[in-house]
There are 2 protein chains.
Amino acid sequence: METETATNWLSDDEQCAWRTYLDVNRMLTYQMEKDLQPFGLTNNDYEILVNLSESADKRMRMSDLAAATLQSKSRLSHQITRMENAGLVRRENCESDRRGLFAVLTEQGTATMEKVAPHHVASVRRHFIDLLSSEALADLRESLGPVAEHLRGHRGKI
Amino acid sequence: METETATNWLSDDEQCAWRTYLDVNRMLTYQMEKDLQPFGLTNNDYEILVNLSESADKRMRMSDLAAATLQSKSRLSHQITRMENAGLVRRENCESDRRGLFAVLTEQGTATMEKVAPHHVASVRRHFIDLLSSEALADLRESLGPVAEHLRGHRGKI
DNA sequence: CTCACTTGGTTCAGAATTCAACTTCTTAGG
DNA sequence: CCTAAGAAGTTGAATTCTGAACCAAGTGAG
């Protein structure tokens with residue numbers, strides 16, 4: 001009794017698209033990281049700074065931040081500890097739920113953001129945005145949007 | 001004397017495209033990793049297996065493999081050691097350059113590839129390829145190709 | 001009320017990654 | 001030749017990440 005169905009391999013075009021996507025992905029991450037390095041930040045640090053700086057009162061609950069950045073609670077906890085030591089954020093108790101903690105952007109964290117953001121944007125432009133026509137960009141949004149939706153609804157499920 | 005030029009911030013559309021791209025990136029990586037987990041492989045393992053299995057004689061020089069996967073020599077060395085312990089690859093001396101080493105796919109490595117690949121392809125389809133129309137896919141190839149080119153030419157430079 | 005269950009977060013141990021030596025071999029210049 | 005510079009890999013220590021165990025605080029059914 002054969003329950004296996006024949007594998008639906010990728011066509012050449014599909015294969016090519018997928019690999020290109022992966023390549024861009026990997027190289028872009030690498031390049032962003034390199035471009036942040038002079039400021040002593042990692043991609044991860046930066047992402048957290050962005051999240052915090054865009055939140056009301058520049059603060060977020062640990063678990064929300066973990067969810068937003070798709071990190072485990074454990075990893076985020078370590079990460080925030082490091083950033084706390086670097087003076088970028090601090091932890092603050094949550095009144096309404098005494099189990100909870102906020103990660104809060106410090107003055108220095110805000111200042112860092114303001115200093116680094118322009119360079120980061122320039123980097124994003126140089127290595128991505130400015131290499132795409134505005135139509136290409138629109139297409140990208142439209143086609144990747146549903147993929148993002150799909151993945152969001154998936155969270156760990158098979 | 002003001003040498004700063006005004007920051008060319010991202011427009012809403014650009015911002016949205018960029019964030020969508022980042023989100024898909026992160027969630028997709030996460031999902032691929034999850035889907036490989038039952039087979040005891042990481043994305044990294046899999047990528048190396050793919051590279052080796054597509055190479056002549058199922059072997060690659062360590063440095064070429066490092067370059068192909070954008071890892072440091074050190075990291076690759078550790079990685080190969082682990083995979084060697086798992087029986088997936090072995091190291092072999094290089095005749096022509098006695099400093100050099102090949103990473104070679106073992107029988108077991110090949111078998112693992114054959115077993116896992118169909119599931120991996122299915123995963124790629126489910127979470128990416130099949131969510132895009134063939135036009136969207138073609139557009140993606142066309143617009144991301146030059147980005148990949150640009151990044152390839154960049155390798156660490158600012 | 002209270003006992004089980006969930007949630008929010010940390011901690012610890014083990015695994016992976018980085019970074020800076022270090023070894024060996026190759027190559028090019030004089 | 002011989003030597004200095006560079007390339008191929010490895011190693012080890014320090015850092016980061018993962019996963020499970022844990023604690024403390026909220027939730028809710030009986």
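Side chains are part of it too, since the values below use all heavy atoms of this structure and drop only hydrogens, waters and symmetry mates. Below, chains carry the letters A, B, ... as their sequence lines are ordered, and counting in each starts from 1.
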_Do the side chains of B:R82 and B:E84 get close enough for a salt bridge, i.e. N-O under 4.0 angstrom?_
no
*asked:* I'd like to know whether the aromatic ring centres of B:F128 and A:Y21 sit less than 6.0 Å apart in this structure.
replied: yes
*Relative to the 5' end of DNA chain D, which residue comes earlier, A:S96 or B:L101, by the nucleotide with the nearest heavy atom?*
B:L101
*For the side chain of A:R98, counting heavy atoms from C-beta on, which of D:dG26, C:dT17, C:dC12 is nearest?*
D:dG26
*Does a nitrogen or oxygen in the side chain of B:R91 sit under 4.0 Å from OP1 or OP2 of D:dT10?*
yes
*asked:* Considering every strand and a 4.0 Å limit on heavy-atom distances, what is the contact class for B:Q79: base, sugar-phosphate, or nothing?
replied: sugar-phosphate
*Among C:dG8, D:dT10, C:dT11, which nucleotide sits nearest the side chain of B:S77?*
D:dT10
*In terms of side-chain heavy atoms of A:R82, which of D:dA8, C:dG8, D:dT16 is nearest?*
D:dT16
*Among D:dG26, D:dT18, D:dG12, which is the nearest nucleotide to the side chain of A:R75?*
D:dT18
*For C:dG8, take OP1 and OP2 only and decide whether either is under 4.0 Å from a side-chain N or O of A:R61.*
no
*Would you say the side chains of B:Q15 and B:R19 form a donor-acceptor pair under 3.5 Å?*
yes
*Between C:dC12, C:dT24, D:dT16, which one does the side chain of B:R99 approach most closely?*
C:dT24
*Does A:N44 have a side-chain nitrogen or oxygen under 4.0 Å from the phosphate oxygens OP1 or OP2 of D:dT16?*
no
